[in-house]
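In what follows, every chain begins at residue 1, and chains take the letters A, B, ... in the order their sequences are listed.
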Protein chains: 2
Amino acid sequence: MSTLNVMYSDEMLKQQLNDQGLRFTPQRLKILKIFQSLPRGTHWSAEELHEELLAQAERISLSTVYRTLHIMTRMGILRELELAEEHKHYELNRSPSGQHHHLICVHCNRILEFAEAGVDKIGGKQADAMGYHVLDCQLNLYGVCPDCQNQRH
Amino acid sequence: MSTLNVMYSDEMLKQQLNDQGLRFTPQRLKILKIFQSLPRGTHWSAEELHEELLAQAERISLSTVYRTLHIMTRMGILRELELAEEHKHYELNRSPSGQHHHLICVHCNRILEFAEAGVDKIGGKQADAMGYHVLDCQLNLYGVCPDCQNQRH
DNA sequence: CTTCCAAACGAGAATTTGTTTCATTAAGTC
DNA sequence: GACTTAATGAAACAAATTCTCGTTTGGAAG
Ligand SMILES: [Mn+2]
Ligand SMILES: [Mn+2]
Ligand SMILES: [Zn+2]
Ligand SMILES: [Zn+2]
């Protein structure tokens with residue numbers, strides 16, 4: 001958790017997997033590479049990741065996509081986001097230094113990111129007070145973006 | 001939004017519905033009554049609400065349950081929560097005075113509530129800066145509760 | 001380098017959650 | 001009380017995710 005996950009090398013992934021009794025497979029490496037190649041602010045669903053794999057002529061099943069997303073989330077490599085659509089989104093976990101939060105337009109689903117160190121501090125304090133060990137801290141702001149405010153009828 | 005929704009009376013619900021061209025039905029009233037009767041900290045899925053209705057011998061279809069949850073969320077009577085399960089949860093909206101956030105155990109799904117005025121302040125500031133009109137501000141802390149930390153193997 | 005075994009894989013069935021359709025009912029208006 | 005249209009219930013449908021199971025393969029051990 002203290003290293004920047006963007007720098008994950010093949011060897012580091014293999015190490016971290018094997019340490020947990022898990023295996024380093026071409027599928028897992030490929031999926032990590034894809035996330036590392038995405039621009040910041042990209043939040044992909046399992047389906048979107050699968051489509052990209054197909055586009056790159058990688059034959060990785062949807063089952064494996066879902067399995068890998070779960071494992072990498074548990075490992076702290078990815079972050080699973082519950083934004084306001086009917087499916088989950090994933091992004092590279094940039095914590096702690098690059099941690100950020102999300103502003104979601106409930107009309108057009110546009111998502112903006114923003115950094116705010118104060119939130120994580122508040123979250124950490126609250127969790128401590130209740131004896132919880134914090135894994136992730138997500139502030140979601142649901143609202144209406146400027147564009148959607150204008151095209152109101 | 002300035003009134004405490006817990007006090008919603010039959011007449012207030014009818015008023016607010018009719019003002020929007022919607023109708024005051026026995027089903028909608030019943031669902032509001034149920035949420036008002038629940039203890040704080042109860043977060044119900046559509047399915048759980050439907051089961052309670054059946055238990056009370058109310059014959060309200062699941063379609064109506066979903067429709068009502070959406071409408072009441074849009075009206076600001078209920079709050080829709082994206083906690084880390086595979087379905088949405090609903091609770092009475094107590095904003096702004098009684099607003100609160102959630103601490104979720106990723107092992108046992110236990111949920112604790114906590115109030116923290118600072119979060120909403122930070123959220124409001126960020127949203128303003130980006131021109132968004134905020135509807136809801138939700139801080140979710142994912143972690144491991146004390147019990148689950150102990151029963152670690 | 002070969003053997004072995006559990007972990008991981010792919011394919012597809014199954015499940016869960018939520019939405020849509022449509023004929024019927026009933027709320028609100030005059 | 002009659003009219004209009006929103007709301008309802010039942011059931012079909014759809015999307016997202018999980019499960020099952022036979023096959024493949026990573027990696028440890030010899
Ligand atoms: Mn993000
Ligand atoms: Mn709550
Ligand atoms: Zn928008
Ligand atoms: Zn727990």
task: Rounded off to whole Å, could you give me the CD-to-C1' distance for the B/Glu48 and C/dG18 pair?
output: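 So the two atoms are 15 Å apart, to the nearest Å.
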task: Find the distance B/Gln20:CD to C/dA27:P and express it as a whole number of Å.
output: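 Answer to the nearest Å: 19 Å.
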- prompt: Is the closest side-chain donor-acceptor distance between B/Gln15 and B/Glu11 under 3.5 Å?
  reply: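 No - no donor-acceptor pair under 3.5 Å links their side chains.
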Exercise: do B/Gln138 and B/Asp136 side chains pair donor with acceptor under 3.5 Å: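 There is such a pair (donor and acceptor under 3.5 Å, judged by atom type) between the side chains of B/Gln138 and B/Asp136.
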query: At what angle, to 10 degrees, do the two end axes of the helix from C/dC1-D/dG30 to C/dC30-D/dG1 meet, given five pairs define each axis?
result: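 Nearest ten degrees gives 50° for this helix.
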It should be established whether [X] places a side-chain nitrogen or oxygen under 4.0 Å from OP1 or OP2 of nucleotide [N].
X	N	value
B/Lys14	C/dA27	no
B/His70	C/dG18	no
B/Asn18	C/dA27	no

query: Looking at side-chain heavy atoms only, is the closest gap between A/Phe35 and A/Leu78 below 4.5 Å?
result: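 Result yes, sub-4.5 Å side-chain heavy-atom pair found.
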Close side-chain approach of B/Thr68 to B/Leu49, heavy-atom, < 4.5 Å: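 Sidechains of B/Leu49 and B/Thr68: no contact.
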message: Quick one, A/Arg67 with A/Thr64, criterion side-chain contact (heavy atoms from CB on, under 4.5 Å). Give me CA distance, side-chain angles, the key distance, then yes/no.
response: CA-CA 5 Å; A/Arg67 274 186 294 242; A/Thr64 297; 3.3 Å; yes
query: Rounded to the nearest 0.5 Å, how far apart are CG of A/Leu62 and CG of A/Leu54?
result: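 Atom-to-atom, A/Leu62:CG and A/Leu54:CG are 9.0 Å apart.
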- prompt: If you walk 5' to 3' along DNA chain D, what is the first nucleotide with an atom under 4.0 Å of a heavy atom in chain B, and what is the last?
  reply: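 Endpoints of the contacted stretch of DNA chain D: D/dT5 to D/dA11.
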task: Indicate yes or no: does B/Arg94 engage B/Glu113 in a salt bridge with an N to O separation below 4.0 Å.
output: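 Salt bridge present between B/Arg94 and B/Glu113.
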field: Hydrophobic cluster partners of B/Val134 (side-chain heavy atoms under 4.5 Å)
entry: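 Besides B/Val134, the cluster holds no residue at all.
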query: Going by side-chain heavy atoms closer than 4.5 Å, which hydrophobic residues are tied to B/Ile122, directly or by a chain of links?
result: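 For the cluster that includes B/Ile122, the remaining residues are A/Leu103, A/Leu112, A/Phe114, A/Val119, A/Ile122, A/Met130, A/Tyr132, A/Leu139, A/Leu141, B/Leu103, B/Leu112, B/Phe114, B/Val119, B/Met130, B/Tyr132, B/Leu139, B/Leu141.
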query: Tell me, for nucleotides 3-16 of chain C in 5' to 3' order, what letter each nucleotide earns: B for a base near a protein heavy atom under 4.0 Å, S for only sugar-phosphate near one, - for neither?
result: ---BBSBBBB----
- prompt: So B/Met75 and B/Gln20, side-chain contact (heavy atoms from CB on, under 4.5 Å) or not? Walk me through it.
  reply: CA-CA 10 Å; B/Met75 292 171 72; B/Gln20 303 181 37; 3.7 Å; yes
Listed once per pair and sorted, the ring pair (Phe, Tyr, Trp, His ring centres under 6.0 Å) pairs that draw on residues 41-79 of chain B, sequence neighbours left out: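 Found B/His43-B/His102.
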